[in-house]
Structures are given as structure tokens and as C-alpha cells.
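Here the structure is laid out as C-alpha cells; the discussion comes afterwards.
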There are 2 protein chains.
Amino acid sequence: MDQRVTLKELARLLNVSISTVSKALNDSPEISPQTRKRVKELAALNHYVPNMLAQNLKTKHTRTIGVIIPAILPHFFAEALHGIETKASELGYRIIICISNESIQKEAESVQTLIKGQVDGLIMSLSQETQAKTEIGHLQPIFSHKVPLVLFDRVLNQIECDKVHINDSLQAEQATMALFNSGCKKIAYFSGISDTSVDDERKKGYLEAVKNLGGSRKVVKFDPRDFPDEKLKKLIETRKIDGILASDELSAILVMKSALNSGFEIPEDLSVIGFTNGIMSEHFRPSLSTVDQHAEQQGKLALETMVDRIEGKLPEEYVEYKLETSIIHRKSTRGKVPQLTD
Amino acid sequence: MDQRVTLKELARLLNVSISTVSKALNDSPEISPQTRKRVKELAALNHYVPNMLAQNLKTKHTRTIGVIIPAILPHFFAEALHGIETKASELGYRIIICISNESIQKEAESVQTLIKGQVDGLIMSLSQETQAKTEIGHLQPIFSHKVPLVLFDRVLNQIECDKVHINDSLQAEQATMALFNSGCKKIAYFSGISDTSVDDERKKGYLEAVKNLGGSRKVVKFDPRDFPDEKLKKLIETRKIDGILASDELSAILVMKSALNSGFEIPEDLSVIGFTNGIMSEHFRPSLSTVDQHAEQQGKLALETMVDRIEGKLPEEYVEYKLETSIIHRKSTRGKVPQLTD
DNA sequence: CTGAAAGCGCTTACAG
DNA sequence: CTGAAAGCGCTTACAG
């Protein structure tokens with residue numbers, strides 16, 4: 001961060017004013033072609049790099065966007081982040097990442113640092129704690145400083161801002177229907193991600209479908225670090241559960257592993273559908289049928305919305321996108337029309 | 001980014017000078033307790049947030065570190081990034097992420113933006129293209145601007161800077177030995193990540209081990225999007241390959257899937273060891289034995305090294321850490337001492 | 001204990 | 001076509 005050449009230095013070397021150098025470098029038509037050329041050559045020669053801090057201090061925007069997500073390890077967030085980064089670099093923006101680790105405390109700190117770091121806007125997916133307690137006091141600085149905010153995936157209704165997510169309840173409902181249509185008689189919902197808006201919505205959709213179908217409901221919450229193998233086994237053997245909608249990718253994989261280890265066959269004895277089309281869904285044996293959450297697309301759309309908002313291309317009122325999704329049918333579910341050969 | 005209250009405004013409101021406000025807010029002992037209190041109260045009331053841009057322009061450092069990685073989707077990088085972020089926030093630094101997408105072009109652009117964004121230092125894992133061509137011209141600005149650099153995982157010998165990685169060749173050698181000791185007679189190396197330093201090193205280690213063992217060598221390069229099922233099948237059936245060291249997690253999983261689909265049993269007919277202890281290794285059936293790359297630890301160490309360098313806590317000469325790693329034995333390899341019951 | 005002043009590296013009306 | 005000057009929001013010697 002040292003001895004970088006500045007406009008002043010360049011000006012001295014060229015015997016012209018700082019203004020002239022600045023304008024020349026910025027291709028101002030005010031400056032004569034020769035001067036422009038001279039200035040640029042010397043700048044290149046000296047590896048001149050403008051000091052963005054100084055530029056931003058004048059222009060009042062930084063072209064950087066803060067991103068706060070609960071984690072990066074789950075495939076959904078890694079992929080969303082990838083989408084955000086791709087779009088940002090395409091649009092000439094930079095991103096600063098903070099991880100809330102599902103905690104309000106850390107989320108609050110991140111908001112603080114990003115705001116004083118003068119980001120032009122904030123893209124967030126809320127922490128589990130924030131969602132569970134629906135506590136949003138720590139987001140207050142965002143509003144009082146009028147920093148544009150777009151929420152994606154894990155949103156909260158009471159927050160007024162731009163939003164992008166999928167219609168989780170509808171998708172869960174459809175996934176449950178798909179399970180039914182493929183021949184499942186008793187379908188359960190397994191969740192390893194309790195207390196998030198997406199879990200609530202998915203459960204709601206599941207319950208709705210079961211109600212419409214006139215079936216019985218069964219919701220199981222569990223800790224991903226300690227899967228209830230016995231419970232699942234009993235559910236399949238005595239309660240005749242033959243279809244499971246899982247709250248997310250990892251939960252679905254855990255359900256399948258457990259069932260397989262107990263000697264059941266998938267999809268014959270048990271059909272499974274998960275959420276998020278991650279790498280495990282594709283490679284597990286059998287491969288997992290899943291509701292595609294379009295993580296990358298959500299990320300891209302969130303970033304695009306942010307930029308449009310910043311650049312004033314959006315109407316006054318907030319926009320809310322609910323992405324269309326679809327079910328990717330793979331080997332963990334039976335074909336819709338049961339085939340003789342399979 | 002609008003109407004934020006500034007020191008000037010606060011000073012006007014309090015009828016004191018800007019200097020006084022600044023000092024009071026920074027807990028300077030020069031200022032009387034009462035004034036300090038008054039100033040702080042008003043600042044809080046007005047949600048005053050210092051403008052980091054202006055602060056940094058004075059102090060010449062930003063407490064932000066640029067990170068350029070080839071991708072975020074592979075588990076290794078997501079985890080390393082997690083380590084970097086965790087450590088950074090622990091140490092009071094922020095990180096700006098750029099993804100090179102394995103391309104020199106994008107890597108060069110990222111270097112440019114990060115440097116003019118005045119990061120205090122740069123942490124990088126090189127793109128495949130950079131490594132394949134050993135082209136480092138686009139990194140020149142880093143050196144000419146004397147920006148501290150730490151390379152992790154995918155490093156290049158000819159670059160002089162701090163480095164953190166694992167001893168890939170040694171690990172590969174040991175993994176090959178482990179395969180041999182567990183009873184494998186003919187071991188092959190399968191790589192889906194050609195042209196990176198880590199691949200080279202791992203292959204080197206494999207070849208070394210095979211040489212020492214007096215066995216025959218077999219190296220297979222493949223495109224992860226198009227796994228050579230037939231080839232693998234033939235290798236197992238006619239060439240009697242019974243052990244495979246894979247270059248990375250995905251490659252290992254692809255090898256296992258293909259073998260399983262061809263009707264072979266793992267680890268009975270074929271033992272497999274991969275690199276990177278990702279989520280798939282743990283959940284695949286059978287679970288994958290793997291060389292733990294300690295991604296998170298590499299990330300943390302890289303960041304720590306960076307901060308130590310920035311803060312002048314390191315000796316003049318560059319440091320190079322080669323992390324100790326270990327093999328996690330799971331179900332894709334046989335027990336070292338073959339058991340009767342298994 | 002408080003304040004006036006210079007300066008960080010830029011941009012941009014405004015003169016000439 | 002070129003330059004002097006003000007200002008972005010801070011910090012920090014230096015006076016008083």
C-alpha cells in the first residue's frame with residue numbers, strides 16, 4: 001500500500017496541473033489528444049492505479065455490495081454466492097462477504113462493518129436465529145442509513161425491501177403431490193433445518209397437500225448430527241410411511257442413508273424428494289429427486305435487483321420475485337406412471 | 001449512502017470544533033470526560049457511523065484483504081473460504097472475494113480491482129490456467145505495488161511470497177502406500193483436475209510410491225463431465241487394478257459410482273482413496289477414505305499469515321507452511337489388517 | 001482542554 | 001485547451 005504514484009506526482013513529472021492529469025486519464029474531451037497521450041503513457045510507465053478510496057470519497061458510491069449469508073458450506077449458499085459474484089463482476093461491482101453463522105450477534109456486527117465500509121447496498125439471507133425470533137432490531141441501521149437491501153431465500157415478511165425467493169410452500173405442495181402421484185400412500189415431512197422461513201413454508205405446503213389428499217400428516221424434526229434411525233425404521237415398518245419430503249438436501253441424503261442402511265429399498269419401499277439441487281443429489285446412489293431451488297439464479301437475480309435499485313431503475317415500491325421452480329425427477333422416486341420394466 | 005451525519009454536522013450541533021468531536025469519539029485523553037460524553041450521546045442519537053473511506057484515506061490502510069480463488073463450488077474452496085472469513089472477522093478484518101473461474105483473464109482483472117480498491121493484502125489460490133501455463137505476468141501489479149501476497153493450496157514455486165499448502169506429493173505417496181498395505185496389488189491414479197500444481201504433486205507422489213513398491217504405474221486423466229466408464233471397467237477386469245488413488249473428492253466419487261454401477265464391490269473389488277474431506281466423502285455409500293486437506297485450517301492459516309505480514313510480525317524472508325495431514329479411513333478401503341468379520 | 005489548519009488523493013464546476 | 005480552487009469526511013500535529 002506504499003509508494004504508489006499519485007496524480008500529483010504525475011502532474012509534477014509532466015509539468016501540468018493535477019486537474020489536467022485527472023481529466024486526461026478520464027478521457028475528458030476537454031484535453032488535447034497529445035496531452036492525453038503523454039499523460040497516459042507516463043501513467044502506464046509508472047503503473048499508476050487510481051486510489052479508489054479517494055475517488056469514492058468524492059463520488060459517494062463505491063460500486064461494492066455487501067453480502068451477508070448464514071453460511072457458505074451448504075451447497076445452496078455456495079451456489080447462490082457464485083451467482084452473486086458472477087453477476088457482480090459482469091456488472092462491474094465488487095462484493096464483500098460476511099458470514100453470520102446463523103447468529104444475530106454476528107449478523108449485527110456484519111451489518112455495522114458493511115455500512116461503515118460504505119457499501120452501496122446489502123444483499124442478505126437471514127440467519128436462523130433472526131428468523132426464529134423474528135427479531136430485526138439489529139437491522140435498524142440499514143434502514144436509518146437508507147442503504148438499499150435485498151433479501152433472498154430466507155426472507156421475512158415484516159421487512160420492507162426487495163425480495164427474491166422461491167415459492168416454497170407451493171413447491172412443497174407440488175412435491176408432495178408428485179410423491180402421491182408416483183404411488184406413495186403415506187407421506188411424511190422430515191426437517192433438519194427447523195426455525196427458518198423456508199422450513200415453515202415447506203412444512204405448510206406439505207400439510208396443505210396432505211389435507212387436500214385426505215391423508216394423514218407426519219412431521220419429524222431432527223438434528224442433522226444425530227439422525228433418528230430407529231424412528232425412521234419404525235415409521236416405515238409399522239406406520240407404513242412410503243414417501244418422504246425432506247426439508248433440504250442434507251436431510252434427504254440422511255433419510256436415504258438411514259433407510260438404505262436399515263435394509264429398505266429406494267424408491268421401492270420409500271420414495272424421497274429433497275430441496276436444493278446440490279452435488280450430492282446428483283451423485284448419491286440412488287440419485288435424489290429434488291426441488292430445484294435455482295440457487296445461482298436467485299443469487300444473480302438478487303444482485304441484479306440490487307444494482308437496478310441502486311441505479312434508480314426500479315419503481316418506488318419494492319419488488320418481490322418468487323422464482324418458478326421445478327422438480328428434477330431422478331432415481332429416488334418412482335416414475336409417475338409405474339413401468340413394468342425399470 | 002445518503003444523508004449520513006458527519007463530524008462536521010455533529011460539531012455544528014454541539015457548538016464545538018470538528019477536531020474535538022473526532023477526538024472525543026476516538027476516546028482521546030485530550031478531551032474532558034463531559035465533552036466526551038456529550039459528543040458520544042449525540043453521535044449515538046444520530047446513528048453516527050464513521051465514513052471508513054475517509055478514515056482509510058488518512059490512515060492508508062483499510063483492514064480489508066482481497067481473496068481470489070478459482071471457484072467456490074468445490075467443497076475445498078468453500079471450506080477454505082469459511083476458514084478465511086472466520087479468522088478475518090476474529091481479527092477485525094474484512095474480506096473481498098473474487099472468483100477467477102480458472103481463467104488468467106479473470107484473475108488479472110480481479111488483481112486490478114482489488115489493488116485499486118486498496119486492499120491491505122491479497123490471498124490467492126491460483127487458477128488452473130495460470131498454473132498450466134506458469135504465466136505470472138498478470139500478477140506483476142501485486143509486486144510493483146508491494147502488496148503482500150499469500151498463496152495457498154495452488155501455489156507456484158517461482159512466485160516469491162508467503163505460502164501455505166499441504167505436502168501433496170508426500171500425502172499421495174502415503175495414500176498409495178496405505179492402499180498397498182490394505183492389500184491392493186495394482187494401484188492406479190485417476191485425475192479429473194489436470195494441470196494444477198496439486199495434481200502434479202499428487203501424481204508425483206503416486207509414481208514415487210509405485211516405484212518404491214516395484215509395481216506398475218497407471219495414470220488416467222479424464223473430464224469429470226464425461227467419466228470413462230468402459231475404461232475403468234476394463235482396467236479392473238483385465239488389468240486387475242484393485243486400488244485407485246483419485247486426485248480429488250469428485251473424481252473419487254465418480255470412480256466409485258462408475259465401479260459400483262458396473263457391478264463391482266467397494267472395497268472388496270476396488271479400494272478407493274480421494275483427496276479433500278468434503279461432505280460427499282462422508283455421506284456416500286460406501287463412505288470414502290480420504291486425505292484430509294484441512295481446507296478450513298489452510299484458510300485460517302493463510303489469513304493469519306497475511307495479517308502477521310501486514311502488521312510486521314513476520315521476519316523479512318517469506319514463510320512457507322506445509323500442513324501435516326492424515327488419511328481418514330472409511331468404508332472405501334479395507335482395514336489395514338484384513339478382518340474375518342466385516 | 002479546545003480549535004485552526006493541513007493534508008490524504010481524487011473530481012469538478014468555474015475561470016481564463 | 002489548461003489550471004486554480006473547493007471539497008468529499010476524516011485525522012493529527014501544532015498552537016493556544
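Below, read A as the first sequence line, B as the second, and so on, with proteins coming before strands; counting in each chain starts at 1. Just the heavy atoms: all of them, side chains too, but no hydrogens, waters or symmetry mates, feed the values below.
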Mind checking if Ser32(B) touches a base, just sugar-phosphate, or nothing, with heavy atoms under 4.0 Å? sugar-phosphate

Ranking dC1(C), dG3(D), dA4(C) by distance to the side chain of Ser19(B), first place goes to dA4(C)

Next on the checklist: Between dG9(D) and Lys60(A), counting only base atoms on the nucleotide and side-chain atoms on the residue, is there a donor-acceptor pair under 3.5 Å?
Outcome noted: no

Among dT11(D), dC14(D), dT2(D), the one nearest any side-chain atom of Ile31(A) is dT2(D)

- Does OP1 or OP2 of dG9(C) have a side-chain N or O of Tyr48(A) closer than 4.0 Å? no

Open item on the list: For a salt bridge (charged side-chain N to carboxylate O under 4.0 Å, His left out) check, start with the C-alpha distance between Arg154(B) and Glu102(B), then their side-chain angles and the critical distance, and finish with the verdict.
Closed with: CA-CA 11 Å; Arg154(B) 285 163 38 170; Glu102(B) 308 288 9; 2.4 Å; yes

Correct closest heavy-atom pair for Ser125(A) and Glu107(A) would be O-OE2, 4.3 Å

| query | For dT2(C), does either OP1 or OP2 sit under 4.0 Å from a side-chain N or O belonging to Thr20(B)? | reply | no

Partner of dA4(D) under the Watson-Crick or G-U wobble criteria, both distances under 3.5 Å, comes out as none

Scanning all shown strands, the Watson-Crick or wobble mate of dA13(D) with both distances under 3.5 Å is none

Rounded to whole Å, CG of Leu10(B) lies from P of dT2(C) at a distance of 15 Å

_Any N or O donor-acceptor pair under 3.5 Å from the base of dG7(D) to the side chain of Lys8(B)?_
no

Arg12(A) CZ to dG3(D) P, in whole Å, measures 16 Å

note: Leu7(A), atom CG; dT12(C), atom C1'; distance rounded to Å ~ 13 Å

In whole angstroms, the gap separating C1' of dT2(D) from CG of Leu25(A) amounts to 16 Å

Taking dT2(C), dT2(D), dC1(C) as options, the one with an atom nearest any side-chain atom of Pro33(B) is dC1(C)

Worksheet item: Looking across every strand, which nucleic acid part, if any, lies under 4.0 Å from Ser22(B) by heavy atom: base, sugar-phosphate, or nothing?
Response: base

Closest to the 5' end of DNA chain C, once Glu30(B) and Pro50(A) are matched to their nearest nucleotides, is Glu30(B)

From CG of Asn56(B) across to P of dC10(C) the rounded distance in Å is 15 Å

Here the distance between atom C1' of dC8(D) and atom CE of Met52(B), to the nearest Å, is 16 Å

ask   = So what does Thr59(A) hit on the nucleic acid, given a heavy-atom distance under 4.0 Å: a base, only sugar-phosphate, or nothing?
value = nothing

Point to revise | N or O in side chain of Gln55(A) less than 4.0 angstrom from dT11(C) OP1/OP2 | key: yes

Heavy-atom closest pair (Met52(B) atom, Thr62(B) atom, distance to 0.1 Å) is CE-O, 3.9 Å

Of the candidates dT12(C), dA5(C), dG9(D), the side chain of Thr6(B) sits closest to dG9(D)

Residues Arg63(A) and Asp120(A) bridged, charged N to O under 4.0 Å:
no

- request: Given salt bridge (charged side-chain N to carboxylate O under 4.0 Å, His left out), test Lys87(A) with Glu90(A) step by step and report yes or no.
  value: CA-CA 5 Å; Lys87(A) 204 45 148 189; Glu90(A) 193 180 312; 3.2 Å; yes

Among dA4(D), dG9(C), dG9(D), the one nearest any side-chain atom of Asn51(B) is dG9(D)

Asn26(A) CG to dG9(C) P, in whole Å, measures 17 Å

To the nearest angstrom, the CG-P distance between Asn15(B) and dA4(C) comes to 11 Å

Q. Got a donor-acceptor pair under 3.5 Å from the side chain of Lys58(A) to the base of dG9(C)?
A. no

Go through the steps to decide whether Glu304(B) and Lys300(B) satisfy the test salt bridge (charged side-chain N to carboxylate O under 4.0 Å, His left out), and finish with yes or no.
-> CA-CA 6 Å; Glu304(B) 238 165 355; Lys300(B) 284 187 175 176; over 6 Å; no

